[in-house]
Amino acid sequence: MILNHSPETQTKLIARVPSITGRELPEWFQAIDNGPAFLRCDERANWLADEHGLTHGYAAAIVREHERHRRNRRGFI
């Protein structure tokens, strides 16, 4: 599975997450934080897709966005 969408595709996918999934990003971030402690992003995306019935494209975009937010919270750029 590809986790590295182009920046444009990533932006478009993330913008559509609430309307497609019925959940806002903070809810998805919480699901990831409360889910299994996978080390790899692709494992988290697979779990998110399988557990919550998302397409792998949306699951990967959510995981990528979660990682970006997590790095920013810790002061990394």
Side-chain angles (χ1 to χ4, degrees):
M1 174 188 7
I2 297 173
L3 289 180
N4 294 319
H5 300 111
S6 71
E8 181 181 334
T9 299
Q10 176 71 12
T11 299
K12 288 179 181 181
L13 287 169
I14 290 301
R16 289 192 300 254
V17 164
S19 63
I20 296 294
T21 68
R23 295 171 75 177
E24 298 291 330
L25 281 177
E27 294 176 75
W28 287 116
F29 294 169
Q30 185 175 18
I32 292 169
D33 290 339
N34 293 334
F38 294 116
L39 294 177
R40 295 176 42 171
C41 289
D42 62 335
E43 292 173 324
R44 275 183 253 142
N46 286 333
W47 171 80
L48 200 62
D50 293 343
E51 185 72 18
H52 296 279
L54 298 173
T55 65
H56 285 282
Y58 280 104
I62 291 167
V63 168
R64 183 174 179 196
E65 194 70 10
H66 177 262
E67 287 298 306
R68 189 178 70 78
H69 280 265
R70 192 175 72 160
R71 282 191 309 271
N72 289 340
R73 285 192 309 256
R74 291 185 178 164
F76 299 115
I77 299 177

Listed partners of [X] passing side-chain contact (heavy atoms from CB on, under 4.5 Å), at least two apart:
X   : value
E51 : W47
T9  : H5, S6, L13
Q30 : N34
L25 : I14, V17, F29, I62, E65

For E67, check salt bridge (charged side-chain N to carboxylate O under 4.0 Å, His left out) against everything at least two apart and list the hits.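 Result, salt bridge (charged side-chain N to carboxylate O under 4.0 Å, His left out) vs E67: R44, R70.
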Taking the side chain as everything from C-beta on, heavy atoms only, tell me whether W28 gets closer than 4.5 Å to L54.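 Yes - at least one pair of side-chain heavy atoms lies under 4.5 Å apart.
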Shortest non-hydrogen contact between A59 and A45, atoms and distance: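 Taking every non-hydrogen atom into account, CB-O, 3.4 Å.
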How close do A61 and Q10 get, counting heavy atoms only, and between which atoms?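 For A61 versus Q10, the nearest heavy atoms are O-NE2, 2.9 Å.
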According to the salt bridge (Lys or Arg N to Asp or Glu O under 4.0 Å) rule, which pairs have a member within residues 10-22, sequence neighbours left out?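 Output for this query lists E8-K12.
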